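The block underneath contains the structure these notes are about, expressed in structure tokens.
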Amino acid sequence: MSLSDPGAAARLLSVLSLPAPQAAPRLLGGLFGHRTAEGVVTLRITELEAYGGPAGSDLPDPGAHTYRGRTARNASMFGPPGHVYVYFTYGMHHAVNLVCRPEGHAGGVLVRAGEVVEGIGLARARRAVGRATPVPDAALARGPGNLAKALGIGLGHDGAPLAAGEGPAGDGFFLVPPAEDDRPETASGPRTGVSGPGGTDAFPWRWWIPGDPSVSPYRAAAPRRR
DNA sequence: GAGGCGATTGCCT
DNA sequence: GGCAATCGCCTCT
């Protein structure tokens, strides 16, 4: 697999047309990158989570932002595949999803962690902002908030298209799903930080590459403070 | 118009 | 392991 893989475009469309729980394990080990005026950072995806659609749809997911229907915030999740859904949470963190399924069907894959394989200097610089101590390389894109920061992703990128391979020249996102023969070993379990039934064994929609140092530690949803 | 809380992170004890 | 930070979105009044 490489950024110039001629089969990448076909694989991207076929994989992202699937419901998220089927697309997610097929994206593990793939390349995901973002090119800006600052440079390019590319990751090998090592951890992700699938998210479905609203109550009453064909893939209801009580853990998803889309569960209560389409809103201005989550509209990208209902759009055509091959785009990104970026959201802002906890007043400080961004996270990025790869939108799945045909337009009208909500679904996406949250990219939770990756190994930086290109642009590690830029990733280090972005992650160093506001920190006193340096970030270990394996942790540069560990966790969805950290990954978004390493890739330079903000709310302004919500709805941006995903190119296959290196894509057209200029700024933007690109994605290269692994060829079938290149898919890594995978493990799966409940999603991290999801409260309610969506965070239980009933939705084992988190996948990761076992033993990879960039995978984030599992955390149960924070109990409500009072 | 107000209040609660979140697909998190990192520092503190 | 506990918990503060920090603010936009969503729900309810």
Side-chain angles (χ1 to χ4, degrees), chain A residues 19-21 23-25 27-28 32 45-55 57 59-78 83-101 106-114 123-124 126-159 188-208 213-226:
Chain A
L27 293 169
L28 209 53
F32 175 52
I45 300 172
T46 58
E47 178 190 355
L48 33 69
E49 289 178 356
Y51 286 88
S57 72
L59 194 63
D61 179 1
H65 289 169
T66 55
Y67 190 60
R68 293 169 192 271
R70 181 175 182 149
T71 67
R73 177 208 201 189
N74 65 28
S76 296
M77 284 283 267
F78 291 81
H83 291 68
V84 298
Y85 163 52
V86 179
Y87 66 90
F88 179 66
T89 191
Y90 289 101
M92 58 193 111
H93 301 300
H94 298 275
V96 60
N97 287 250
L98 311 175
V99 175
C100 297
R101 310 203 65 188
V109 174
L110 171 69
V111 188
R112 288 192 54 91
R124 286 175 183 146
R126 285 170 170 160
R127 288 281 278 115
V129 175
R131 290 181 54 97
T133 57
V135 179
D137 285 348
L140 287 173
R142 177 189 291 157
N146 292 332
L147 182 149
K149 193 170 180 180
L151 288 183
I153 296 173
L155 263 191
H157 297 112
D158 182 40
S188 65
R191 294 175 292 188
T192 291
V194 176
S195 60
T200 67
D201 288 331
F203 289 84
W205 288 1
R206 172 178 177 246
W207 285 265
W208 65 94
S214 68
V215 173
S216 71
Y218 174 81
R219 291 196 198 195
R224 285 181 305 178
R225 287 205 352 261
R226 40 171 293 169

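Note on naming: letters A, B, ... go to the chains in the order of the sequence lines (proteins, then strands), and numbering restarts at 1 for each one. Treat the numbers as computed from the prediction; the structure is a model and nothing was measured. Hydrogens, waters and symmetry mates play no part in the numbers below; they use all other heavy atoms, side chains included.
- Counting any heavy atom pair closer than 4.0 Å across all strands shown, A/Gly145 reaches sugar-phosphate atoms only and no base atom.
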Item to check | Test side-chain contact (heavy atoms from CB on, under 4.5 Å) applied to A/Ser216 and A/Glu47, step by step | outcome: CA-CA 8 Å; A/Ser216 71; A/Glu47 178 190 355; 2.9 Å; yes
Item to check | B/S/- contact track for nucleotides 7-13 of chain C, protein heavy atom under 4.0 Å | outcome: B-SSS--
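- For the pair A/Arg142 and A/Pro217, the tightest heavy-atom approach, listed with the atom from each and the gap, is CD-CD, 4.3 Å.
- Heavy atoms only, all atoms of each residue included: A/Ala50 and A/Ala24 are closest at CB-CB, 4.2 Å.
- Straight-line distance from the NE2 atom of A/His94 to the C1' atom of B/dT9: 14 Å, rounded to whole Å.
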Checklist entry - Should A/Leu110 and A/Tyr87 be marked as a side-chain contact (heavy atoms from CB on, under 4.5 Å) after you check the CA-CA gap, both sets of side-chain angles, and the distance that decides it? => result CA-CA 11 Å; A/Leu110 171 69; A/Tyr87 66 90; 4.1 Å; yes
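- Contacts with DNA chain B (heavy atom under 4.0 Å) in residues 126-138 of chain A: A/Arg127, A/Arg131, listed by number.
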Side-chain donor-acceptor pairs under 3.5 Å in residues 194-204 of chain A, sequence neighbours left out?
| unit_1 | atom_1 | unit_2 | atom_2 | d |
| --- | --- | --- | --- | --- |
| A/Thr200 | OG1 | A/Pro197 | O | 2.8 |
| A/Thr200 | OG1 | A/Ala202 | N | 3.1 |

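- Taking atom CZ of A/Arg206 as the reference point, atom P of B/dT8 lies 11 Å away to the nearest angstrom.
- At least one side-chain heavy atom of A/Arg191 sits under 4.5 Å from a side-chain heavy atom of A/Asp61.
- Proximity of A/Trp207 to A/Pro21: side-chain heavy atoms (C-beta onward) are separated by under 4.5 Å at one or more points.
- Counting any heavy atom pair closer than 4.0 Å across all strands shown, A/Arg112 reaches sugar-phosphate atoms only and no base atom.
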Item to check | Paired and unpaired positions of DNA chain C as dot-bracket, Watson-Crick or G-U wobble under 3.5 Å, | denoting a partner strand | outcome: |||||.||||||.
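- Atom CZ of A/Arg219 is separated from atom P of B/dC11 by 12 Å (rounded to the nearest Å).
- B/dG4 and C/dA4 have their P atoms separated by 16 Å, given to the nearest Å.
- When the P atom is compared between C/dT6 and B/dA2, the two are found 22 Å apart, to the nearest whole Å.
- Nearest approach of A/Ala20 to A/Gly108, heavy atoms of both residues: CB-O, 3.3 Å.
- Between A/Val96 and A/His157, the closest side-chain pair of non-hydrogen atoms is not below 4.5 Å.
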Next on the checklist: Between A/Leu28 and A/Leu48, is the side-chain contact (heavy atoms from CB on, under 4.5 Å) condition met? List the steps.
Outcome noted: CA-CA 7 Å; A/Leu28 209 53; A/Leu48 33 69; 3.9 Å; yes
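- With contacts defined as side-chain heavy-atom distances shorter than 4.5 Å, the pair A/Thr66/A/Tyr51 does not qualify.
- Taking the side chain to side chain donor-acceptor pair (under 3.5 Å) definition, one finds that A/Arg219 meets it with nothing, sequence neighbours left out.
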Tabulated below should be each protein N or O lying under 3.5 Å from an N or O of nucleotides 1-4 of chain B; please produce it.
none

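- Where A/Pro144 and A/Ser195 each meet DNA chain B at their nearest nucleotide, the meeting point lying more 5' is that of A/Ser195.
- Under 4.0 Å is where a charged nitrogen must lie from a carboxylate oxygen, and between A/Arg73 and A/Asp158 no such pair does.
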Item to check | Test log, rule side-chain contact (heavy atoms from CB on, under 4.5 Å), inputs A/Arg124 and A/Leu140 | outcome: CA-CA 7 Å; A/Arg124 286 175 183 146; A/Leu140 287 173; 3.9 Å; yes
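- Taking atom CG of residue A/Asn97 and atom P of nucleotide B/dT8, one finds them 11 Å apart after rounding to whole Å.
- Within 4.0 Å of A/Asn146, counting heavy atoms only, lie sugar-phosphate atoms of the nucleic acid but no base atom.
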